[in-house]
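A quick write-up on the structure given underneath.
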Amino acid sequence: MSETHGDYQKVIYTNGMHHNLRPGVTTDPRRLEAQARQTLNKKSFDYIRGGAGGKSTMARNRSAFDQWTLIPRMLTTVSVSALAPRVNPS
């Protein structure tokens, strides 16, 4: 693995652009469950998928996650550095 998360991201994008290689785990949250079902044994998958009780926590987490948009800032200027994280609601 690369030294920093930025380096790791760069490797992922470079491999995709130049070698048509994609990460082993999907980055699409809508496909994650299907990929987990194919990859994990039944007991492990059921444990992770089950949530707690009536699955209300899982539903709230998904709803909250859907309210945000992650925007990669790889190709922006670096003439002015801003080290504070910025998260924008969609």
Side-chain angles (χ1 to χ4, degrees):
M1 183 178 251
S2 300
E3 293 290 322
T4 67
H5 294 293
D7 290 341
Y8 182 61
Q9 182 181 21
K10 184 176 179 181
V11 168
I12 290 172
Y13 282 102
T14 301
N15 285 340
M17 288 186 309
H18 298 293
H19 308 291
N20 201 27
L21 296 174
R22 297 185 183 204
V25 177
T26 182
T27 56
D28 184 343
R30 297 165 298 180
R31 295 181 181 168
L32 212 50
E33 184 174 330
Q35 186 176 30
R37 183 186 305 272
Q38 292 173 344
T39 305
L40 299 172
N41 65 49
K42 182 175 176 10
K43 185 176 180 179
S44 298
F45 176 77
D46 288 345
Y47 175 77
I48 292 170
R49 183 176 180 252
K55 300 182 183 178
S56 60
T57 301
M58 206 161 34
R60 285 194 302 270
N61 285 344
R62 284 185 177 156
S63 176
F65 187 77
D66 287 342
Q67 295 176 27
W68 297 93
T69 301
L70 301 177
I71 304 169
R73 302 277 186 209
M74 291 177 28
L75 299 175
T76 60
T77 180
V78 292
S79 59
V80 177
S81 295
L83 301 178
R86 192 172 78 186
V87 180
N88 299 321
S90 55

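- The minimum heavy-atom distance between Asp28 and Thr26, with the atom names listed, is N-OG1, 3.0 Å.
- Note that CG of Asn20 and CG of Asn15 are 10.5 Å apart. Values are rounded to the nearest 0.5 Å.
- Between Asp46 and Leu40 the shortest side-chain heavy-atom distance does not fall below 4.5 Å.
- Asp66 CG to Asn61 CG: the interatomic distance, rounded to the nearest 0.5 Å, is 11.0 Å.
- Under the 4.5 Å side-chain heavy-atom criterion for Ile, Leu, Val, Met, Phe, Trp and Tyr, Tyr47 and Phe45 are members of the same hydrophobic cluster.
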